[in-house]
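Naming: A, B, ... by sequence-line order, numbering from 1 per chain.
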Amino acid sequence: MAPPKVLMIAEKPSIALSIASTISGGQMHSRKGTTEVHEFEGMFNGFPAHFKVTSVTGHVFSVDFPAKYQDWAATDPADLFQASIHKTEANPKAHICRHLSQEARGCSHLVLWLDCDREGENICFEVIQCTGFQAKDDRRKVYRARFSSVTEKDILKAMNCLVEPNEYEALAVDARQEIDLKVGVAFTRFQTSYFQGKYGNLDSRVISYGPCQTPTLGFCVQRYLQITTFKPEKFWALRPHVMVDGYELQLEWERQKLFDLDVALMFQKLVLQDRILEVTDISEKQESKGRPPGLNTVNLLKIASSALGFGPQLTMQLAERLYIQGFISYPRTESTAYPLSFDFKGTLGVLANNPMWGDYVQGLLSGGYHKPQSGKDAGDHPPITPMRSANEDMLERDSWRLYQYVCQHFLGTVSPDCKYTRKKVEFSIGGEFFHCIGLHVIVKGFTSIMPWLAVSEKNLPQFAKGDKIEVSKVELFEGQTVPPDYLSESELISLMEKNGIGTDASISVHINNICERNYVQVQAGRKLVPTALGITLIRGYQCIDPDLCLPDIRGFIEQQITLVAKGEADHSCVVQHVLEQFKRKFIYFVKQIDNMDALFEAQFSPLADSGRAFSKCGKCLRYMKYISSQPSRLYCGTCEEVYYLPQKGTIKLYKELTCPLDNFELLIFAMAGPEGKSFPLCPLCYNNPPFEGIDALFGASKTGGSGMLGKGAGMPCFLCPHPTCRHSLIAQGVCACPECNGTLVLDPVSAPKWRLYCNMCNCLVLLPQGAHRISTTRERCPECDSTIIEVDFNKNTTPLEDGATLHVGCILCDDLLHSLVEVKHGKSFFKRAGKWARARGRGAYRGRGRGFGKMDPKMSFRDF
DNA sequence: GCAAGGTC
């Protein structure tokens, strides 16, 4: 009988590999799959077994609302709190679920090696669901491996005491997901719709709210408000100077500073009257500056931002790459404590021959390296350390700088502490006390590898107790208190960590979010300066319901779901309770939105006052205004109508042409990029397609259940089946796209680089270049039914005989034209002529059955 | 177009 099969699943491929190598002792076969699968024979529960180890890539599923709630216009955000939710595959293209189900076939044991935190516990149950195992089934058993690090010792220990997955912890994550989704989406949709419909110069596509991102923004705005409300105060400080051994030394006052000039002047007078300083005491003590604990993600992000000038997003990208390339260990960890079994000697050995630190490492290896500080053990991954030696030439500049820091930090953790003496000399004069401090480094320790942390030497002249010295001058320093600076990114990361906002893996995402949403801007020195929008939002929450932007809001959610994780409260009761509270807050927020709106009114301009007169409305024949801030749109002040435009491109008037259906002036939209297609559109038709049966609108990734248009999606003229308009698909369509079901249409403003583009995909066909004019005719090719085009060649470059310039023909069947066209994008256009021919029969829209449907399958680019 | 959490 074949041995039983054991399937083991890790959270990511690298851990699957470590586990498989450890348990198999390196004797395994690995094969590619959605994620790699490692197979080997071994012993399981005392019996021989066949092992398969593979992994997921984080969460398999994520939660969302069903289709009927996807339509913003048709859903009242308040209803989202009671809406059903469903889990969908987090990354449908990866087919992780299918992979797991396939690998599980024929396996009688499932061992879950997901990371040992709540999220990992939740993924356990996602995996169980995909594999078809049951959490409690005696014949096909499910086990949970609990490991505190990915080391041989811990893996083997976990393997020997397998437990059950913890459903409470998994349910706590389910609860968080549902609460975050419902609260975030409800507030986001409401405030986006409310403010975007009202103000023209709001430069944000979406005005989002979230229990992590909003408090994050709150920190930045709080600092901003401290700065703007700061009232500087003058202060004065006495600074006596003495000349000793030819050096001038400035002394510090015990009172530091005074905010009353008269009192300060009085003290100055007393000191000046005395003139003689007496040394009252000299003390010296040894102090030390401790070596750092191991490097975790948050500290890496902070240092990278403050010392290297890298944003968290960039830092994580660089770290991820260094990790994939094997230069550093896994970069997402909370732990600053090294596991007991950590191989310091091995890691030092990695750097022993490094040209940059080799000598230092040799010193540590021979002189005895130090055991690092204890630090925090979060039970996830060891601190970030170098794994492979690199030099400057092997890495890109930024990667190298980050790698360099990881190495220096690691070496710092196993170096001696820095030791120095602090000498304090105290003086009295006129009844006032002053002092000076000297510093002398005895052991540089870790600061020699992390020189920016070095203690700077401060030498003092020789003094003896009882010395009497004449003051050379008594300065009355006048200063002013200054406001704090804008919040630095590094400070923000500390605040987030302290308040439990986000996790090591998501902190960078939240910071990036508030930048992308245009709530804050990163300025020189990575200072975060809130924008008018960011400030107005936070001030709005502060006056309606300050809880909404305080960090405690995350704490509240965390505390509630922790009850679920501990099994002290029922999952659905907690979710219901928390959602009820938030719904109450939501209803109140909606009711009080006028208060926030008053702040917006002071800051932004109403739609009617925004934008510039642009093109004529077909209904009232007055000019509509173009609002360029995202989402770009036209606003007719008379009709009070908004017409969304395609996004991410430029818009111009199209001569003074109008739409024959509704008299709106036509516009030309050019997509961004040198090869972006340009096309005409009518603002009204674009937003309200006049014809049925157009199933794929331009720019519509998701149109939602009700078929309502998303902002910016619609019907340009190249999708319009109008039978006689010069700009419609019928008039401008030339032939079927070789790549998809679409139709190639003439780009009307592409002169002199004339071209056709597909109205569905990004296929591009270059027409004879440099022609004066190329236009479609009403004629069809008798052979292939393509639209006959008319080309007016330039008289200097015409390929026609006798200098003739006008040529009429089919781009597929006319030899001359055919030789002058070229496919720019898409797969081979010519060799797959059969596909071209087939595609022509299935145009997205076939005008009146005229041509696009009846096609001789033999017709093709014959001569190619 | 929306949250936050994994990871790629």
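- Following rounding to the nearest Å, A:Phe582 (CZ) and B:dC2 (C1') show an atom-to-atom distance of 16 Å.
- Not one side-chain nitrogen or oxygen of A:His59 sits closer than 4.0 Å to the OP1 or OP2 atom of B:dA4.
- The phosphate of B:dG6 has OP1 or OP2 within less than 4.0 Å of a side-chain N or O from A:Thr503.
- For A:Asp504, there are no salt bridge (charged side-chain N to carboxylate O under 4.0 Å, His left out) partners, not counting sequence neighbours.
- A:Phe133 pairs by the ring pair (Phe, Tyr, Trp, His ring centres under 6.0 Å) definition with nothing, not counting sequence neighbours.
- Ranking B:dG1, B:dG5, B:dA3 by closeness to the A:Val63 side chain, first place goes to B:dA3.
- For B:dG1, its base sits under 3.5 Å from the side chain of A:Gln196 at one donor and acceptor pair at least.
- Of the candidate nucleotides B:dC2, B:dA4, B:dG6, B:dA4 has the atom nearest to the side chain of A:Arg554.
- Here A:Gly120 lies out of heavy-atom contact (under 4.0 Å) with every strand.
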Indicate every side-chain donor-acceptor pair of residues 493-500 of chain A with a distance under 3.5 Å to a residue at least two apart or in another chain.
residue, atom, partner, partner atom, Å
A:Ser494, OG, A:Lys302, NZ, 2.9
A:Ser494, OG, A:Ser490, O, 3.2
A:Asn499, ND2, A:Leu495, O, 2.8

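- The side chain of A:Gln213 lies closest to B:dA3 when the candidates are B:dC8, B:dA3, B:dG5.
- Between A:Arg517 atom CZ and B:dG1 atom C1' the separation is 9 Å, expressed in whole Å.
- With rounding to whole Å, A:Tyr519 atom OH is found 10 Å from B:dC2 atom P.
- Across all strands, A:Asn122 comes closer than 4.0 Å to no nucleic acid atom at all (heavy-atom distances).
- The CD1-P distance, from A:Ile501 to B:dA3, rounds to 15 Å in whole Å.
- Taken residue by residue, residues 166-184 of chain A places heavy atoms nearer than 4.0 Å to DNA chain B at A:Arg176, A:Gln177, A:Asp180, A:Leu181, A:Gly184.
- Atom OH of A:Tyr323 is separated from atom C1' of B:dG6 by 14 Å (rounded to the nearest Å).
- If you take CD of A:Glu516 and C1' of B:dG1, they are 13 Å apart, rounded to a whole angstrom.
- Among the heavy atoms of the strands lying under 4.0 Å from A:Tyr209 are primed sugar atoms or P, OP1, OP2 only; no base atom is included.
- Listed pair A:Arg332 / B:dG6 fails the phosphate criterion, with no side-chain N or O lying under 4.0 Å from OP1 or OP2.
- Each of B:dC8, B:dC2, B:dT7 was ranked by its minimum atom distance to the side chain of A:Asp115; first place goes to B:dT7.
- Taking only distance into account, the side chain of A:Gln317 never meets the base of B:dC8 through a donor-acceptor pair shorter than 3.5 Å.
- Considering only side-chain atoms of A:Trp72, the nucleotide from B:dT7, B:dA4, B:dC2 that sits closest is B:dC2.
- As judged by a 4.0 angstrom heavy-atom cut-off over every strand, A:Phe190 is placed among residues making no nucleic acid contact.
- Between A:Asp76 and A:Arg189 there is no salt bridge, since no side-chain nitrogen of the basic residue lies less than 4.0 Å from a carboxylate oxygen of the acidic one.
- Nearer the 5' end of DNA chain B, as judged by each residue's closest nucleotide, is the contact made by A:Ser208, out of A:Val60 and A:Ser208.
- With hydrogens and angles left out, the side chain of A:Thr57 and the base of B:dC8 share a donor-acceptor pair within 3.5 Å.
- For the residue pair A:Ser30 and A:His38, a side-chain donor N or O sits within less than 3.5 Å of a side-chain acceptor on the partner.
- The existence of a salt bridge linking A:Glu11 and A:Arg332 is excluded, since no basic side-chain nitrogen approaches an acidic carboxylate oxygen closer than 4.0 Å.
- For A:Glu119, the listed nucleotide lying nearest its side chain is B:dG5; candidates were B:dG5, B:dT7, B:dG1.
- Across the protein-nucleic acid pair, A:Asn513 atom CG and B:dC2 atom C1' stand 11 Å apart, rounded to whole Å.
- OP1 and OP2 of B:dC2 both lie 4.0 Å or more from every side-chain N or O belonging to A:Tyr69.
- Across all strands, A:Arg321 comes closer than 4.0 Å to no nucleic acid atom at all (heavy-atom distances).
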For residues 507-517 of chain A, run the donor-acceptor check on the side chains, cut-off 3.5 Å, and write out each pair with its distance to 0.1 Å, sequence neighbours left out.
residue, atom, partner, partner atom, Å
A:His510, NE2, A:Ser506, OG, 3.4
A:Asn512, ND2, A:Gln313, OE1, 3.4
A:Arg517, NH1, A:Ser208, OG, 2.8

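- Distance CG (A:Asp504) to P (B:dG6): 7 Å, rounded to an integer number of Å.
- DNA chain B is contacted by A:Glu11, A:Lys12, A:Pro13 of residues 9-21 of chain A, taking any non-hydrogen atom closer than 4.0 Å.
- At a cut-off of 3.5 Å, with distance as the only test, no side-chain donor of A:Tyr323 or A:Arg321 sits close to an acceptor on the other residue.
- We find that A:Arg144 and A:Glu164 are not joined by a salt bridge, their nearest charged nitrogen and carboxylate oxygen being 4.0 Å or further apart.
- Of the possible donor and acceptor atoms, one in the side chain of A:Gln70 sits under 3.5 Å from a partner among the backbone N and O of A:Phe65.
- In this structure the side chain of A:Leu112 reaches within 4.5 angstrom of the side chain of A:Val142, judged on heavy atoms.
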